[in-house]
Amino acid sequence: MAISSGIKRRTLFAAGLGLLAAPAIFREKAEAAATGESNHMDVRPLPEINQFKLGSCKFTVVRDGTSIIEKPYETFGTNQDPETVKSLLTANFLPADKFMNGYTPALIDTGSDVILVDTGFGASGRARGAGQLVEGLKAAGYSADDVTLVALTHLHGDHIGGLMEDGAAAFKNARYVVGQAEYDFWSDKAREGTPAEGGHKAVLANVVPLAEKTTFIKEGDSVAPGVTAMLASGHSPGHMVFHVESEGKRLVLTGDTANHYILSLLRPDWEVRFDMDKTQAAATRRKVFEMIASEKIAFLGYHMPFPAVGFVERQDGGYRFVPKTYQFDI
């Protein structure tokens with residue numbers, strides 16, 4: 001049976017409270033309805049989203065993309081014997097020779113503000129399947145123009161790449177919040193000719209053009225009503241985490257404080273290649289996740305397994321990640 005040539009596209013997705021979006025979007029190209037030729041169908045992934053409530057706030061978590069990285073022991077536990085790292089992965093039902101890294105920006109709709117925390121890779125990641133934030137927001141019923149505030153945990157490329165699109169602000173109605181120490185470090189010309197030069201150039205391209213609309217913050221500053229910043233340096237010089245509180249419910253967006261749910265949380269003292277000050281980063285991990293465990297606060301970690309939200313409990317000298325299920329939905 002021929003399909004009408006007026007049908008150009010069908011988009012299949014499910015996006016609801018606590019519901020993962022459907023894993024694929026099907027695009028039809030109806031070429032010749034009258035001839036009875038079969039349609040050619042292209043399939044590409046639809047960004048995964050997850051939505052839940054915290055008090056009166058509605059969270060939307062978007063999977064901006066993933067990477068498969070070889071040799072986990074070259075990234076995590078760099079101060080350990082590689083076999084020790086492999087053994088810990090194997091003991092936790094994970095491959096010893098590679099790991100999956102996810103990138104997870106989050107939107108917080110407070111009713112008065114629409115706050116985006118981190119922006120993913122943007123256009124620079126699309127050739128390899130990342131840079132899916134804006135499409136994910138659309139699947140959740142938001143447009144880039146709905147965002148009123150962009151808060152950045154820190155200024156590494158996978159967090160700031162989505163700020164600009166075709167040379168213009170991707171979130172044209174937003175103001176911005178950035179840690180003062182973080183901005184001062186990455187925008188400084190002293191980074192030229194150092195290992196941080198690539199990050200410096202990314203900040204010049206993506207963050208500096210927005211400086212006039214940016215509020216620079218420090219420890220304890222308010223980001224928005226109910227959202228407070230806490231300095232959590234080590235991974236980068238001015239890395240921030242954000243506390244959200246609504247109707248007595250609490251959640252901390254921990255950014256890159258911990259980058260793997262086993263290798264960083266269960267072994268918080270292990271060094272991580274991407275942590276700029278490894279000793280400080282380990283101390284910060286302990287401080288932040290001890291608070292989260294002691295006070296039984298939910299957290300959202302940028303590189304945690306999607307949808308990147310859960311809790312931690314003390315275990316084996318570190319912390320066990322407990323993913324969220326339905327506790328936010330009832």
Side-chain angles (χ1 to χ4, degrees), residues 60-62 64-65 103-110 112-126 130-138 142-192 196-225 227-233 235-242 244 253 255-256 276 300 302:
T60 300
V61 183
V62 178
D64 188 71
Y103 312 91
T104 318
L107 193 78
I108 311 167
D109 189 338
T110 70
S112 56
D113 274 303
V114 178
I115 305 168
L116 177 63
V117 179
D118 294 329
T119 69
F121 285 98
S124 67
R126 291 189 188 125
Q132 298 298 304
L133 171 62
V134 172
E135 288 299 312
L137 294 180
K138 287 179 182 176
Y142 294 92
S143 75
D145 293 349
D146 292 329
V147 176
T148 61
L149 174 65
V150 177
L152 300 171
T153 58
H154 64 296
L155 302 184
H156 285 168
D158 55 327
H159 297 255
I160 66 171
L163 284 169
M164 304 291 286
E165 192 74 37
D166 296 326
F171 307 98
K172 64 182 183 182
N173 295 323
R175 55 190 178 88
Y176 304 85
V177 170
V178 177
Q180 182 73 66
E182 186 77 355
Y183 183 82
D184 289 348
F185 177 85
W186 290 108
S187 61
D188 193 335
K189 290 186 67 174
R191 306 287 81 80
E192 294 177 1
E197 184 172 17
H200 169 65
K201 289 180 178 178
V203 167
L204 293 183
N206 291 284
V207 184
V208 171
L210 305 170
E212 290 186 359
K213 297 181 69 176
T214 300
T215 300
F216 297 99
I217 59 171
K218 60 185 185 304
E219 164 78 20
D221 282 351
S222 175
V223 174
V227 183
T228 306
M230 180 177 118
L231 184 64
S233 57
H235 178 69
S236 65
H239 185 283
M240 290 283 188
V241 302
F242 300 120
V244 181
L253 294 104
D256 284 11
M276 296 180 69
L300 194 162
Y302 193 76

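Only this structure's heavy atoms are used, side chains among them; waters, hydrogens and symmetry mates stay out. For reference, positions follow the sequence shown, starting with 1.
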Inset, instruction - Go through the structure and list residues passing side-chain contact (heavy atoms from CB on, under 4.5 Å) with T104, not counting sequence neighbours. - result: V61, F306, A308
Inset, instruction - Please examine the side chains of V62 and T60, heavy atoms only from C-beta on, and report whether any two atoms are closer than 4.5 Å. - result: yes
Inset, instruction - Take E219 and M230, measure what side-chain contact (heavy atoms from CB on, under 4.5 Å) needs, and give me the verdict at the end. - result: CA-CA 5 Å; E219 164 78 20; M230 180 177 118; 3.7 Å; yes
Legend entry - salt bridge (Lys or Arg N to Asp or Glu O under 4.0 Å) contacts in which one or both residues fall within residues 202-218, not counting sequence neighbours: K218-D221
Legend entry - Residue pair A170 / G162: nearest heavy atoms and the distance that separates them: CB-O, 3.3 Å
Legend entry - Residues that Y142 engages under ring-ring contact (aromatic ring centres under 6.0 Å, His included), provided they are two or more places apart: none
Inset, instruction - For M276, check side-chain contact (heavy atoms from CB on, under 4.5 Å) against everything at least two apart and list the hits. - result: H156, F185, W186, S236, P237
Legend entry - Those residues that, when tested against E165, pass salt bridge (charged side-chain N to carboxylate O under 4.0 Å, His left out) (two or more places apart): R126
Inset, instruction - Could you pull out all residues at least two apart from S124 that satisfy side-chain hydrogen bond (donor to acceptor under 3.5 Å, both in side chains)? - result: none
Inset, instruction - Determine yes or no for a side-chain-to-main-chain donor-acceptor pair under 3.5 angstrom, with T214 supplying the side chain and V177 the backbone. - result: no
Inset, instruction - Can you tell me which residue pairs pass the salt bridge (Lys or Arg N to Asp or Glu O under 4.0 Å) test with a partner in residues 173-192, sequence neighbours excluded? - result: none
Inset, instruction - Under the side-chain hydrogen bond (donor to acceptor under 3.5 Å, both in side chains) rule, collect the residues that match up with N206, sequence neighbours excluded. - result: none
Inset, instruction - For residues L204 and H200, determine if any side-chain heavy atom of one lies less than 4.5 Å from a side-chain heavy atom of the other. - result: yes
Inset, instruction - For A205 and P209, work out which heavy atoms get closest and say how close. - result: O-CG, 3.5 Å
Legend entry - Heavy-atom closest pair, residues A211 and F216: O-CE1, 4.2 Å
Inset, instruction - Drop me the distance from L133's CG to L116's CG, to the nearest 0.5 angstrom. - result: 5.5 Å
Legend entry - Note, T110 side chain near I115 side chain (heavy atom, < 4.5 Å): yes
Legend entry - Side-chain heavy-atom pair L163, Y176 within 4.5 angstrom cut-off: yes
Legend entry - Note, L155 side chain near V178 side chain (heavy atom, < 4.5 Å): yes
Legend entry - Residues which pass side-chain contact (heavy atoms from CB on, under 4.5 Å) with A106, listed by chain and number, not counting sequence neighbours: L253, L300
Legend entry - D118 (side chain) donor-acceptor with G255 (main chain) under 3.5 angstrom: no
Inset, instruction - List the steps and the verdict of side-chain contact (heavy atoms from CB on, under 4.5 Å) for T215 and V223. - result: CA-CA 9 Å; T215 300; V223 174; over 6 Å; no
Legend entry - Partners passing side-chain contact (heavy atoms from CB on, under 4.5 Å) against N173 (at least two apart in sequence or in another chain): D145
Inset, instruction - Taking all non-hydrogen atoms of both residues into account, name the closest pair between T228 and G220 and its distance. - result: CG2-O, 3.7 Å
Legend entry - Short side-chain to backbone donor-acceptor contact, D64 and Q132, under 3.5 Å: yes
Legend entry - Where L231 and H239 come nearest, the two heavy atoms and their spacing: CD1-O, 3.5 Å
Inset, instruction - Keeping the roles fixed (side chain from H159, backbone from T153), state whether a donor-acceptor pair exists under 3.5 Å. - result: no
Inset, instruction - Just jot down the ring-ring contact (aromatic ring centres under 6.0 Å, His included) partners of Y103, sequence neighbours excluded, or say none. - result: F121, H303
Legend entry - Set of side-chain hydrogen bond (donor to acceptor under 3.5 Å, both in side chains) partners for T148, sequence neighbours left out: D113
Legend entry - Smallest separation among heavy atoms of G238 and A181, with atom names: CA-CB, 4.1 Å
Legend entry - Straight-line distance of F171 CZ to T119 OG1, nearest 0.5 Å: 6.0 Å
Legend entry - Test side-chain contact (heavy atoms from CB on, under 4.5 Å) applied to D158 and Y302, step by step: CA-CA 10 Å; D158 55 327; Y302 193 76; 3.7 Å; yes
